Protein chains: 2
Amino acid sequence: MNKVEKKKSNVISDEETLKRIDTLGKEILDEISKEKNPHIDIPVRGLSNVLYNADKKKIELGNKVAKRYLFNVAHARSFMQTLLVAAFAKELISEKAHTTLRDLFYALKHTIAGTKENTINEQNESDSAIVDLEVALDVIRENLHLAANPKGRVVGNVKIRDSGDMINWSKLGSGGWAIPSIVEQIEFVDVDAEYVIVAEKDAVFLRLHEDRFWKKHKCILLTTQGQAARGTRRLIQRFSEELNLPVYILTDADPYGWYIYSTMKYGSMALAHVSDRLGCPRAHFLGVSMTDIDKYDLRAQTIKAKDVDLRRGKELLKYGWFKNKLWQHEINLFLEKKYKAEIQALTSKRLRFISEVYLPEKIKAGNFLP
Amino acid sequence: MNKVEKKKSNVISDEETLKRIDTLGKEILDEISKEKNPHIDIPVRGLSNVLYNADKKKIELGNKVAKRYLFNVAHARSFMQTLLVAAFAKELISEKAHTTLRDLFYALKHTIAGTKENTINEQNESDSAIVDLEVALDVIRENLHLAANPKGRVVGNVKIRDSGDMINWSKLGSGGWAIPSIVEQIEFVDVDAEYVIVAEKDAVFLRLHEDRFWKKHKCILLTTQGQAARGTRRLIQRFSEELNLPVYILTDADPYGWYIYSTMKYGSMALAHVSDRLGCPRAHFLGVSMTDIDKYDLRAQTIKAKDVDLRRGKELLKYGWFKNKLWQHEINLFLEKKYKAEIQALTSKRLRFISEVYLPEKIKAGNFLP
């Protein structure tokens with residue numbers, strides 16, 4: 001295996017996050033000592049402030065910033081909640097502990113002494129305070145030691161260090177490494193891979209893993225098991241940015257598959273504030289594409305598109321990040337043919353067609369969508 | 001670590017499965033050569049043939065068997081489909097390959113030469129043929145090399161061998177081993193554990209794994225991430241039956257959590273034919289229990305039960321496997337109090353309350369439900 005010659009990582013250290021929390025606290029204390037109305041600057045996350053940056057290939061937040069004040073009846077409650085979350089995150093980081101959004105809600109929910117008022121009534125309040133803090137500090141929730149539900153597994157000729165353990169992704173039997181919700185602490189030690197295959201479906205992972213595709217073709221093999229979890233998106237970005245590896249994504253040929261792809265690549269409107277750390281602008285869509293259906297004679301295996309598929313296809317056409325010749329052609333072909341195909345349709349050729357013919361051909365020819 | 005002194009495993013070898021497929025084929029050929037109407041004996045799976053065996057603590061199939069004939073207009077199509085699946089399974093096993101139900105559907109679906117008839121039109125036909133073959137051969141789908149979607153992760157002082165790799169579950173960083181869909185091939189090599197903790201929720205796994213609970217208390221720690229996948233259920237059974245380890249299950253205190261528990265322990269009515277290999281009759285329900293809510297002062301963290309929760313609770317009361325004093329009391333307490341609690345409610349005490357106080361106390365006192 002080769003030692004990793006990696007590019008600079010954009011991982012934010014715990015020390016740095018603590019520093020940013022402290023700075024926020026000090027600014028507020030400073031305003032209090034000057035008898036000013038304490039405030040926090042919070043970038044606006046509404047759709048009015050979400051835009052697609054075509055140069056950086058990222059869905060991101062614009063420049064609008066709102067000021068949240070302590071002495072403002074409409075702001076006071078969420079001001080308090082944001083500070084409660086900040087204090088809790090500081091505690092978590094200092095104790096080197098991680099927890100979930102739901103646990104944070106239970107930990108912080110209590111009745112304020114001498115009143116009948118709860119600090120937090122419903123989890124959506126603490127969730128919203130967490131995102132406020134993410135954007136105010138320009139960190140991701142993972143830097144605050146707050147975990148999302150993990151999903152996804154990975155194998156390949158890679159050794160990593162995580163929490164004191166050296167883990168060899170090529171020696172994990174049929175299972176693979178369960179990708180945790182937080183991957184900031186992972187250190188790439190040895191990497192012998194030329195690209196990364198990301199399969200939306202576990203069925204594809206099963207096939208390629210059993211056929212030792214990653215070994216024969218020197219790649220990292222990962223499945224997101226549906227829409228990619230945050231930890232998995234972050235890991236894919238780190239492969240691309242730090243290890244400089246091309247990332248090829250495999251989904252079904254339908255609007256749902258394309259959307260899963262676009263979220264991994266460009267980010268999403270709802271989470272525009274995290275595209276910088278969870279997006280992967282240099283990812284490619286490897287297949288299954290609409291033109292593959294003719295090329296590989298899969299017509300008999302296609303499925304009639306439902307109305308909801310066609311509606312969704314028309315919506316995708318209008319998104320800035322699908323506005324390039326190849327994707328417009330792909331989506332229009334779908335709208336014209338009115339059928340879709342699952343990636344498992346390739347199994348109709350034969351079981352190992354995907355690992356022995358389809359993928360090697362596509363990758364060699366560089367036949368993918370941007 | 002200790003060498004495993006394990007009890008006899010109920011794993012069915014590939015050779016044995018192949019033999020059973022061959023025997024089925026030979027019996028049919030034999031009938032054909034004697035000019036009889038070829039048939040397959042298939043145990044009935046309808047509710048009329050599902051019963052709860054209180055001695056074995058298993059939901060299982062009764063003795064009713066149906067005969068499926070080739071020369072019977074109502075049977076011929078599914079007779080053919082069952083044999084198609086049997087032939088495909090034989091091929092999979094011989095090639096040491098595994099695949100999914102969806103892939104099998106694509107692989108077997110084709111138009112019969114000289115007709116306009118498809119072998120299989122919709123996946124429910126091939127799925128049903130697979131189950132027919134499972135019960136006819138008395139094997140599980142996994143023995144036929146057919147995989148379900150995997151879910152779940154595991155850590156602990158355990159070394160296993162899988163597909164030629166030696167895997168140490170105590171050296172997997174924050175991730176853990178991703179449990180594959182098929183675990184028949186796994187060999188337990190070294191096991192230094194006194195019991196198994198199964199957490200329904202990943203949040204609990206995160207907490208206990210980060211606190212190295214499995215190391216301090218010598219146990220195996222596993223999360224099902226919701227309703228347990230087949231591979232995960234099978235692995236839990238193997239811990240219990242082959243390694244003779246007590247299994248303690250942690251879910252929320254609500255009918256949904258109890259049902260997840262009961263499926264792992266007794267099996268389910270829909271999958272009664274696999275309880276023998278996926279059930280875990282000696283599992284215990286460790287918590288959170290309704291009485292824990294008072295004992296640990298969690299009343300402020302409870303959630304009002306919805307109508308659907310109460311209806312579900314009343315249904316559970318009537319199931320044979322919940323008809324014992326302790327569970328009737330537990331469920332009646334829920335119906336009377338009309339509130340439920342999530343396991344994360346324990347975090348309201350403090351972050352590590354579950355790993356430092358709750359679990360050690362409960363396990364030491366043997367305070368669990370049957």
Side-chain angles (χ1 to χ4, degrees), chain A residues 91-92 95-100 102-111 147 149-154 160-168 170-183 185-186 201-203 206-207 209-211 225 300-301 342 344-348 350-352, chain B residues 91-92 95-100 102-107 109-111 147 149-154 160-168 170-183 185-186 201-203 206-207 209-211 225 300-301 342 344-352:
Chain A
E91 202 183 313
L92 283 175
E95 289 189 19
K96 298 189 187 311
H98 299 79
T99 196
T100 68
R102 189 70 180 157
D103 284 278
L104 171 141
F105 162 69
Y106 279 113
L108 295 184
K109 181 189 175 189
H110 63 262
T111 308
N149 261 336
K151 213 170 55 177
R153 37 190 78 199
V154 64
I160 63 159
R161 198 172 285 118
D162 173 18
S163 315
D165 296 335
M166 178 77 92
I167 305 156
N168 186 339
S170 71
K171 298 282 182 196
L172 292 171
S174 52
W177 193 57
I179 302 169
S181 43
I182 295 181
V183 298
Q185 75 292 352
I186 289 171
K201 286 184 162 171
D202 202 89
L206 169 70
R207 179 78 275 117
H209 187 22
E210 193 163 81
D211 296 347
Q225 301 185 279
Q301 319 302 331
E342 289 184 291
Q344 288 107 315
L346 293 165
T347 307
S348 64
R350 58 191 172 80
L351 198 61
R352 297 196 171 92
Chain B
E91 201 185 312
L92 283 175
E95 288 190 20
K96 298 190 190 309
H98 299 78
T99 194
T100 67
R102 189 71 180 156
D103 284 279
L104 172 141
F105 162 68
Y106 278 112
K109 182 189 175 188
H110 63 262
T111 308
N149 261 335
K151 212 170 55 176
R153 34 190 81 198
V154 64
I160 63 158
R161 198 173 284 120
D162 173 18
S163 316
D165 295 334
M166 179 76 93
I167 305 156
N168 187 338
S170 72
K171 298 283 182 197
L172 292 171
S174 52
W177 192 57
I179 303 169
S181 42
I182 296 182
V183 298
Q185 74 291 354
I186 290 171
K201 286 184 163 173
D202 202 89
L206 169 70
R207 180 77 273 118
H209 186 22
E210 192 163 82
D211 296 347
Q225 301 185 278
Q301 318 302 332
E342 289 185 290
Q344 289 105 317
L346 294 165
T347 307
S348 64
K349 307 279 116 188
R350 59 191 171 80
L351 199 61
R352 297 196 170 92

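Chain identifiers are assigned alphabetically (A, B, ...) following the order of the sequence lines, protein sequences preceding nucleic acid strands; residue numbering begins at 1 within each chain. Computed from a predicted structure; not experimentally measured.
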- Message: What verdict does the side chain to side chain contact (heavy atoms under 4.5 Å, CB included) test give for A/E95 and B/R352, after you've listed the backbone C-alpha separation in whole Å, the side-chain angles of each residue and the deciding distance to 0.1 Å?
- Response: CA-CA 11 Å; A/E95 289 189 19; B/R352 297 196 170 92; 2.9 Å; yes
- Message: side chain to side chain contact (heavy atoms under 4.5 Å, CB included), that's the test. Do B/T347 and A/T100 meet it? Break it down for me.
- Response: CA-CA 10 Å; B/T347 307; A/T100 68; over 6 Å; no
Side chain, backbone, both or neither: which part of [X] has an atom under 4.5 Å from a heavy atom of chain A?
X      : value
B/L206 : side chain
B/E342 : both
B/K96  : backbone
B/D103 : both

- Message: Donor-acceptor check, side chain of B/Q344 to backbone of A/Y106, threshold 3.5 angstrom: yes or no?
- Response: no
- For the pair B/R350 (side chain) and A/A107 (backbone), establish whether a donor and an acceptor sit closer than 3.5 Å, ignoring hydrogens and angles.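 No, because the side chain of B/R350 does not come within donor-acceptor range (under 3.5 Å) of the backbone of A/A107.
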Quick one: of [options], who has the most non-hydrogen atom pairs under 4.5 Å with chain A?
options                        : answer
B/T99, B/I182, B/I160, B/D211  : B/T99
B/M166, B/H209, B/R102, B/K109 : B/R102
B/G152, B/S163, B/G175         : B/G175

Contacting region of [X] [heavy-atom separation from chain B under 4.5 Å]:
X      : value
A/K201 : neither
A/A147 : side chain
A/L92  : side chain

Once you round to the nearest 0.5 Å, how far does [atom1] of [X] lie from [atom2] of [Y]?
X      : Y      : atom1 : atom2 : answer
A/I167 : B/K171 : CD1   : NZ    : 10.5 Å
A/R153 : B/K151 : CZ    : NZ    : 11.0 Å
A/S174 : B/W177 : OG    : CH2   : 5.0 Å

- Would you mind telling me which of A/R207, A/Q185, A/H98 has the largest number of heavy-atom pairs within less than 4.5 Å of chain B? A/H98
- Item | Between A/S181, A/G176, A/G173, A/A178, the one whose heavy-atom pairs under 4.5 Å with chain B are most numerous |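 Looking at each of A/S181, A/G176, A/G173, A/A178 in turn, A/A178 comes out on top.
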- Query: Does any non-hydrogen side-chain atom of A/Q225 lie less than 4.5 Å from one of B/P150?
  - Reply: yes
- Between B/A97 and A/E210 the two heavy atoms that sit nearest each other are CA-OE1, 3.0 Å
- Heavy-atom pair with the smallest gap, counting every atom of B/D165 and A/L172: OD2-N, 3.3 Å
- Query: Quick one: side-chain hydrogen bond (donor to acceptor under 3.5 Å, both in side chains) partners of A/Q301, sequence neighbours excluded?
  - Reply: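 None.
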